Amino acid sequence: MFTLAEYHLVWAPKYRKWILRGDIRNRVEELFREIGDRHDIEIDTLEIAEDHVHLFVSFPPRLSISEVVGKMKAISAKVVFEEFPEAEREMYGGEFWEDGYFARTVGDEVTTKVIRRYIEYHDEEETRPDQLDLFDQ
């Protein structure tokens, strides 16, 4: 028996457009969960902001991080463009997601609890005024 590694994944729509709202946001969440169910990707925590997504996932070692992200991006983009033609027009180039992504494994200092808390409360954290103090030193 093997232990599944846990990953915090983040990526954004092309041009970091604020397109993940309303019905599109809801559909992307449904799609990520469906993709996860079909491909042995366990989604622990999921947050979809208007201009990026956070997923805390685990999956079998036969899958690579790039395969998981690739499946999530490719399938969701295809379905969103089919079901929301206005999204394809808004994304001028026919691509829904940016090429890159952020991936981090869970470890001693960045624990499961830390990642869950960050994803669940990232909107609050991003808008706290003390973030603006970063350069006031």
Side-chain angles (χ1 to χ4, degrees):
M1 186 113 201
F2 53 86
T3 304
L4 298 179
E6 297 174 304
Y7 302 92
H8 176 200
L9 305 173
V10 183
W11 63 84
K14 197 78 170 175
Y15 315 113
R16 193 98 189 221
K17 286 203 105 154
W18 286 49
I19 195 165
L20 299 171
R21 297 179 301 234
D23 291 340
I24 293 175
R25 182 209 176 282
N26 295 337
R27 186 61 175 128
V28 167
E29 181 173 351
E30 287 174 5
L31 288 165
F32 285 167
R33 294 192 187 283
E34 290 171 12
I35 295 163
D37 289 343
R38 267 188 271 142
H39 296 280
D40 295 327
I41 303 162
E42 183 179 321
I43 298 174
D44 178 289
T45 310
L46 167 66
E47 176 61 36
I48 300 177
E50 293 179 332
D51 66 340
H52 66 284
V53 299
H54 289 267
L55 290 96
F56 183 33
V57 299
S58 57
F59 44 85
R62 65 181 162 73
L63 296 173
S64 70
I65 296 169
S66 62
E67 284 178 288
V68 169
V69 173
K71 286 178 190 305
M72 293 284 192
K73 286 180 167 185
I75 295 168
S76 62
K78 181 177 186 285
V79 173
V80 166
F81 282 162
E82 287 172 358
E83 295 180 6
F84 301 93
E86 68 277 10
E88 189 168 15
R89 285 190 299 275
E90 189 173 334
M91 298 306 285
Y92 14 86
E95 292 183 50
F96 191 76
W97 300 110
E98 288 283 353
D99 292 336
Y101 59 90
F102 166 85
R104 179 178 183 123
T105 58
V106 175
D108 291 337
E109 292 187 31
V110 180
T111 64
T112 298
K113 184 178 176 182
V114 169
I115 292 174
R116 278 189 197 125
R117 190 172 49 210
Y118 175 78
I119 292 172
E120 290 169 356
Y121 300 105
H122 87 277
D123 283 333
E124 176 185 324
E125 293 295 319
E126 287 178 349
T127 57
R128 280 193 1 218
D130 61 344
Q131 264 198 347
L132 298 175
D133 296 338
L134 182 65
F135 299 106
D136 294 337
Q137 298 178 6

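Since this is a predicted model, take the numbers as computed values, not measurements.
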What is the minimum heavy-atom distance between [X] and [Y], and which atoms define it?
X     : Y      : value
Val80 : Ala87  : CG1-CB, 4.1 Å
Leu9  : Val57  : CD1-CG2, 3.6 Å
Met91 : Tyr15  : O-CE1, 4.0 Å
Ser76 : Phe32  : OG-CE2, 3.7 Å
Lys73 : Gly100 : NZ-O, 2.9 Å

Parallel, tilted or perpendicular: which describes the rings of Phe96 and Phe81, with under 30° parallel and over 60° perpendicular?
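Plane angle over 60°, so perpendicular.
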Aromatic ring pairing Tyr7/Phe59, orientation class (parallel under 30°, perpendicular over 60°, tilted between):
parallel
Would a single hydrophobic cluster contain both Leu31 and Phe84, if residues Ile, Leu, Val, Met, Phe, Trp and Tyr are joined by side-chain heavy-atom contacts under 4.5 Å?
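Phe84 clusters together with Leu31.
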Is there a path of hydrophobic side-chain contacts, each under 4.5 Å between heavy atoms of I, L, V, M, F, W or Y residues, that connects Val28 with Val79?
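Yes: a chain of side-chain contacts under 4.5 Å links Val28 to Val79.
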Report the residues that fulfil side-chain contact (heavy atoms from CB on, under 4.5 Å) with Glu67, sequence neighbours left out, ordered by chain and then residue number.
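Expected list: Leu63, Ser64.
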With rounding to the nearest 0.5 angstrom, report the [atom1] to [atom2] distance, [X] to [Y].
X      : Y     : atom1 : atom2 : value
Glu50  : Arg21 : CD    : CZ    : 5.5 Å
Leu46  : Glu29 : CG    : CD    : 5.0 Å
Thr105 : His8  : OG1   : NE2   : 12.0 Å
Ile35  : Ile41 : CD1   : CD1   : 7.5 Å
Leu20  : Ile48 : CG    : CD1   : 6.5 Å

Is the backbone of Asp51 close enough, under 3.5 Å, to the side chain of Arg16 for a donor and an acceptor to pair up by distance?
yes
Test: Glu30 and Arg33 ion pair at under 4.0 Å
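Result for this pair is no, no salt bridge flagged.
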Show your reasoning for whether side chain to side chain contact (heavy atoms under 4.5 Å, CB included) applies to Ile43 and Met72.
CA-CA 12 Å; Ile43 298 174; Met72 293 284 192; 4.1 Å; yes
Among Glu88, Glu90, Glu95, which residue satisfies the salt bridge (Lys or Arg N to Asp or Glu O under 4.0 Å) criterion with Lys14?
Glu95
Around Asp23, counting heavy atoms of other residues, nucleotides and ligands shown, do more than 12 lie under 6.0 Å from its CG?
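No, the 6.0 Å shell around CG holds no more than 12 heavy atoms from other groups.
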What I'd like to find out is whether the side chain of Glu98 reaches to under 4.5 Å of the side chain of Trp11, using heavy atoms alone.
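No, side chains not in contact.
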